[in-house]
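Along the sequence shown, the residues carry numbers beginning at 1.
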Amino acid sequence: MNSTATVVIRLARATSAGGHKLRLAFADGKTVTVDFGPFLRAARHPDVRRYLKKENFARFAVEDGQLHWNDFDLVFPLAELYEGKIN
């Protein structure tokens, strides 16, 4: 019988690392720095591109283990963030 454990990824906190980078600390102790700049610059939708303004980007929140902007206006999969990348 195979048993698989479900791994739950939870974000504990996020802090600015300059520019469009955030330093993310996960509940299991892992810490990564993610650069959101390339994603934001490549975006075509104005609702996403508005986060190129640093004052908008700086208004992120961590709630219930999730990172988001403006009540989930902008959100990324935790599995990707955990690996230090976004697609």
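- Nearest heavy-atom pair across V62 and A12 is CG1-O, 4.1 Å.
- Remark: E80 engages N87 in a side chain to side chain donor-acceptor pair (under 3.5 Å) (not counting sequence neighbours).
- With sequence neighbours left out, R13 forms a side chain to side chain donor-acceptor pair (under 3.5 Å) with no residue at all.
- The two residues S16 and L22 make their nearest non-hydrogen contact at CA-CD2, 3.9 Å.
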Using a 3.5 Å cut-off and no angle test, enumerate the donor-acceptor pairs between side-chain atoms of residues 24-39 and protein atoms at least two apart in sequence or in another chain.
residue	atom	partner	partner atom	Å
D28	OD1	K30	N	3.0
D28	OD2	Y82	OH	2.4
K30	NZ	Y82	O	2.9
T33	OG1	R23	NH1	3.0
D35	OD1	G37	N	2.9

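- For the pair K54/H20, a side-chain contact is recorded, criterion being any heavy-atom separation below 4.5 Å from C-beta on.
- Other residues sharing the hydrophobic cluster of V8, ordered by chain and number and joined by side-chain separations under 4.5 Å: none, the residue standing alone.
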Which pairs would a plain distance check flag for residues 71-78, meaning a side-chain donor or acceptor within less than 3.5 Å of a matching protein atom at least two apart in sequence or in another chain?
residue	atom	partner	partner atom	Å
D73	OD2	R50	NH2	2.5
D73	OD2	Y51	OH	2.9

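- Applying the side chain to side chain contact (heavy atoms under 4.5 Å, CB included) test to K53 and every residue at least two apart in sequence or in another chain returns E55, N56.
- Other residues, nucleotides and ligands place no more than 12 heavy atoms under 6.0 Å from the CG atom of D64.
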- request: Check the pair N70, R59 against side chain to side chain contact (heavy atoms under 4.5 Å, CB included), reporting the backbone distance first and the verdict last.
  value: CA-CA 7 Å; N70 194 28; R59 293 186 189 126; over 6 Å; no
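- With rounding to the nearest 0.5 angstrom, the CD1 atom of I9 is 7.5 Å from the CD atom of E83.
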